[in-house]
Amino acid sequence: MSRSDPAEVIQGRLGWESGDISEADPSNLKPHPKNAEIYGDTDDVDDLDATFKESVAEKGVLEPLVVTNGKEIISGHRRWLAARDADLDSVPVRYSEFDDDLAEREALIEFNRQREKTPGQIVNEFEEVLEIEKQRAKQTQGERSDLSETSRSNEREVKDSYEDAAESFDVSASSLKRGKKVKDK
């Protein structure tokens with residue numbers, strides 16, 4: 001029995017099929033609002049590497065942007081900026097539907113896993129993942145109407161949310177809490 005290619009698994013989870021790429025006018029796309037909140041770098045094309053901008057101007061965008069059906073960019077904010085700067089008429093895109101807002105926000109973070117980040121961006125990601133985990137815990141609790149809502153169970157859910165969020169960053173919750181305190185100051 002052969003194992004599935006990880007790219008195929010991810011594409012399947014996003015509802016993509018091989019060759020499921022279309023074109024979009026960059027002027028019709030917009031950055032996902034959470035991208036600026038978490039990474040803070042979607043506004044200024046001057047922050048992009050000159051070599052990268054030249055490459056996009058000469059060769060176009062080679063890797064498709066991941067875009068919601070509402071035309072918000074999940075992955076490819078820098079490629080989009082470079083394409084607009086180069087006055088490209090179209091960019092390759094993959095449209096993706098997400099089960100809910102939480103899945104969409106989680107995808108934004110997952111698509112940015114490989115990117116080099118500042119400590120502040122890491123803390124921002126942690127805060128976002130923590131909020132997603134908290135909201136999922138509330139949804140789960142709402143679905144389990146047989147549970148009584150007590151402060152102890154809420155404290156446990158918050159602690160579990162911190163642990164789950166920290167685990168996704170491969171660091172301890174206490175390290176991320178310290179980073180959050182530094183960022184807040």
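On a predicted model such as this, the values are computed, not experimentally measured, just so you know.
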Worksheet entry | Distance-only polar pair, side chains of Glu125 and Gln121, donor-acceptor under 3.5 Å |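 No.
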Just verifying a value: how many Å separate [X] [atom1] and [Y] [atom2], rounded to the nearest 0.5 Å?
X      : Y      : atom1 : atom2 : value
Gln135 : Leu130 : CD    : CG    : 10.0 Å
Glu54  : Asp85  : CD    : CG    : 11.0 Å
Leu48  : Lys53  : CG    : NZ    : 6.0 Å
Ser27  : Asp89  : OG    : CG    : 9.0 Å
Asn124 : Thr118 : CG    : OG1   : 7.5 Å
Glu104 : Ser96  : CD    : OG    : 9.5 Å

Closest approach of [X] to [Y] (non-hydrogen atoms, all atoms of both residues):
X     : Y      : answer
Phe98 : Ala103 : CD2-O, 3.9 Å
Ile73 : Leu108 : O-CD1, 4.4 Å
Phe52 : Arg78  : CE2-O, 3.6 Å

Practice prompt. Run the salt-bridge test on Arg136 and Glu133 with the 4.0 Å N-O cut-off and return the result as yes or no.
Written response: no
Discussion item. Any carboxylate oxygen within less than 4.0 angstrom of a Lys/Arg side-chain nitrogen, looking at Arg105 and Asp101?
Written reply: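 Looking at Asp101 together with Arg105, the answer is yes, because their closest N to O distance falls below 4.0 Å.
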Any side-chain to backbone donor/acceptor pair from [X] onto [Y]? Under 3.5 Å, distance only.
X      : Y      : value
Lys117 : Tyr39  : no
Asn112 : Arg115 : no
Asn28  : Ala24  : no
Trp80  : Pro26  : yes

Fill in: Check: Val91 and Val93 side chains under 4.5 Å, non-hydrogen atoms
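A side-chain contact exists here, since the closest heavy-atom pair is under 4.5 Å.
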Practice prompt. May I ask you to test the Leu102-Gln139 pair for a side-chain heavy-atom distance under 4.5 Å?
Written response: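 Side chain of Leu102 against side chain of Gln139, heavy atoms only: contact under 4.5 Å found.
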Worksheet, complete the sentence: So the salt bridge (Lys or Arg N to Asp or Glu O under 4.0 Å) pairs with at least one residue in residues 23-36 (sequence neighbours excluded) are Lys34-Glu37, Lys34-Glu128
Side-chain donor-acceptor pairs of residues 56-69 under 3.5 Å, sequence neighbours excluded:
{"from": "Thr68", "atom 1": "OG1", "to": "Gly70", "atom 2": "N", "distance (Å)": "3.2"}
{"from": "Thr68", "atom 1": "OG1", "to": "Lys71", "atom 2": "N", "distance (Å)": "3.4"}
{"from": "Thr68", "atom 1": "OG1", "to": "Glu72", "atom 2": "N", "distance (Å)": "3.0"}
{"from": "Asn69", "atom 1": "ND2", "to": "Glu97", "atom 2": "OE2", "distance (Å)": "3.2"}

